[in-house]
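One structure is given below, encoded as structure tokens.
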Amino acid sequence: MLYIGVDLGTSAVKLLLMNGEGKIEKIVSREYPLSFPHPGWSEQKPEDWWKESLEGIWELTADCDKSQVAGISFGGQMHGLVILDEQDNVIRPAILWNDGRTGKETDYLNQVIGKEKLSQYTANIAFAGFTAPKILWVKENEPENFKKIKKIMLPKDYLAYKLSGTHCCDMSDASGMLLLDVKNRCWSKEMLDICGITEEQMPKLFESYETVGTLKPELAAELGIPASCKIVAGAGDNAAAAVGTGTVGDGMCNISLGTSGTIFISSKDFGVDPNNALHAFAHADGCYHLMGCMLSAASCNKWWMDEIIGTKDYAGEQEKIEKLGENNVYFLPYLMGERSPHNNPNARGTFIGLTMDSTRADMTQAVLEGVAFAIRDSFEVAKSLGIRIERTKICGGGAKSPLWKKMIANILNIKVDVIESEEGPALGGAMLAAVANGEFASVEDAAAKIVKVIDTVKPEPELAAKYEEKYRKFAKIYPTVKDLFSEII
């Protein structure tokens, strides 16, 4: 049988076709626009996601035996607010994960409701990107739209609804809304009351590998795919990427260098960082995970290359970098504010340490190192909780860079395992669809049989020692300048 994984990203949707043995048959990608109505705001039209995803499924299955397509599942950008009215029409553009408009609402939740209560209700505190603050923002600033809300959902769940007719959400994605009681895997009545919404307005909850419905008959006829094709809940992009990299089971780690950057640590047991610097979320395998998320990772490199120095030759620019562990230029990668571990939407990107002999290569190197240093910030929190991590998988666009992988290995001083297929959330989605169809006994079973490590980047003791010294200096920069950020924005 064949399985489709849909990775609904921030700039494009990537669709992947996988057979029952885990072999990738075809991949297609389709872009859609991203809008910034005001500085710090970030929105997209769900209708664009649907249009490009539907056309993408057409393109993906054009050359295969469509009668063999047995399941479709998802990995999707998390936290985005999608609201539907009585007729299931989209009320307003989706407010995305990297939108920073909810400072007031986030402060209200953390300071007035209180971090302790939020953590008690949801295992997390409020971050500007989370969904609950967005709901409060709509309630305060767009009361007419708020009154129209019949259903609240997340980005990938809009696709699942359009395909199946089911208003659904999985546990991993729901964890990032600040509306889920993560430990007990149900909606938090207290948080719903705080946001002025009801459980009837929320989607039905599923585990990531569970079937939410089957393909609508009219879509089956249009696409040429069987109406028996299962639509499977899927997962938030980080949990789906973790499935796609085999980061399931206890104590496994994955680092993702995508638009955002994450360090993801899977766990059989529920646990919370007492300082809430790391998120405590449900995992797609039915268990839990801790996650540190930085808002700008590979997007920092894209910004630097495309917008500032004006080149698409990423590899060529990296070839000029020779002084690993010796760069005196530092970069704070907070171009969209920052989440883990600082929780500061006012943070901004910052170069420091420039002198007259600083080169273009030094600054390119600083951007790459700044992202790796920021990931280490969350890594340090995990270590402080007694979690020992000796190796990690890696995925995302940035993982295609040998230099960046070398930096990650030496800055974190751990082994970095490179897997055969770095397709992340799309592969994870296809694997979840296969599990739902009984192709594999469990998510762990699918990961064990499909994910293959083909190389390991090991830290070099001398270089790791140099980076240890550089990281200690990097770690002092943000606390020193953080009070400036609120003054300059």
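None of the values given here were measured: they were computed from a predicted structure. These numbers come from the heavy atoms of this one structure, side chains and all, not from hydrogens, waters or symmetry mates.
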> Checking side-chain hydrogen bond (donor to acceptor under 3.5 Å, both in side chains) for the pair Asp170/Ser208: CA distance, chi angles, key distance, verdict?
Replying inline: CA-CA 5 Å; Asp170 81 288; Ser208 298; 2.9 Å; yes

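- Under the 4.5 Å side-chain criterion, counting only non-hydrogen atoms from C-beta, Ile414 is not in contact with Arg391.
- Looking at Lys117 and Glu190, no side-chain N of the basic residue comes within less than 4.0 Å of a carboxylate O on the acidic one, giving no salt bridge.
- When all heavy atoms are compared, the tightest approach of Ser53 to Leu15 is O-CD2, 3.8 Å.
- Here the straight-line distance linking atom NE2 of His283 with atom OH of Tyr288 works out to 12.5 Å at 0.5 Å rounding.
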> Between Phe351 and Trp304, does a ring-ring contact (aromatic ring centres under 6.0 Å, His included) hold up when you go through it step by step?
Replying inline: CA-CA 12 Å; Phe351 281 105; Trp304 174 248; 5.4 Å; yes

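- A salt bridge links Lys320 with Glu317: the closest approach of a Lys/Arg side-chain nitrogen to an acidic carboxylate oxygen falls below 4.0 angstrom.
- Within 6.0 Å of atom CZ in Arg388, 12 or fewer heavy atoms from other residues, nucleotides or ligands are found, so the atom counts as exposed in its surroundings.
- Ionic pairing of Glu423 and Lys14 is present here: one or more N-O contacts between side-chain nitrogen and carboxylate oxygen are shorter than 4.0 angstrom.
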> How far apart are the C-alpha atoms of Tyr158 and His167, what are their side-chain angles, what is the distance that settles it, and do they pass the ring-ring contact (aromatic ring centres under 6.0 Å, His included) test?
Replying inline: CA-CA 8 Å; Tyr158 179 71; His167 295 111; 9.8 Å; no

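- For Lys405, the NZ atom counts as densely surrounded, since its 6.0 Å shell holds more than 12 non-hydrogen atoms of other residues, nucleotides or ligands.
- Checked by atom type and distance alone, the side chain of Asp157 never pairs as donor or acceptor with a backbone atom of Ala160 at under 3.5 Å.
- The pair Arg185-Glu207 meets the salt-bridge criterion, since a charged nitrogen lies less than 4.0 angstrom from a carboxylate oxygen.
- Trp97 and Thr131 form no side-chain donor-acceptor contact under 3.5 Å, judged by distance and modelled atom types alone.
- Checked by atom type and distance alone, the side chain of Asn410 pairs as donor or acceptor with a backbone atom of Glu460 at under 3.5 Å.
- Put simply, OG on Ser486 and CG on Asn346 are 6.0 Å apart, with the number rounded to the nearest 0.5 Å.
- A centroid separation of 6.0 Å or more is found between the aromatic rings of Phe270 and His289.
- Judged purely by atom type and a 3.5 angstrom limit, Thr106 uses its side chain to pair as donor or acceptor with the backbone of Thr102.
- Within 6.0 Å of the CD atom in Glu142, the count of heavy atoms belonging to other residues, nucleotides or ligands exceeds 12.
- Asn276 and Asp273 share no side-chain donor-acceptor pair at under 3.5 Å.
- In this structure the side chain of Phe127 reaches within 4.5 angstrom of the side chain of Ile125, judged on heavy atoms.
- Other residues, nucleotides and ligands contribute at most 12 non-hydrogen atoms within 6.0 Å of the NZ atom of Lys189.
- Heavy-atom contacts from other residues, nucleotides or ligands closer than 6.0 Å to NZ of Lys400 number more than 12.
- Ring pair Trp41/His38 is perpendicular by interplanar angle, where above 60° counts as perpendicular and below 30° as parallel.
- Geometrically, Arg348 does not engage Tyr334 in a cation-pi contact, judged by NZ or CZ lying under 6.0 Å from the ring centre and within 45° of the ring axis.
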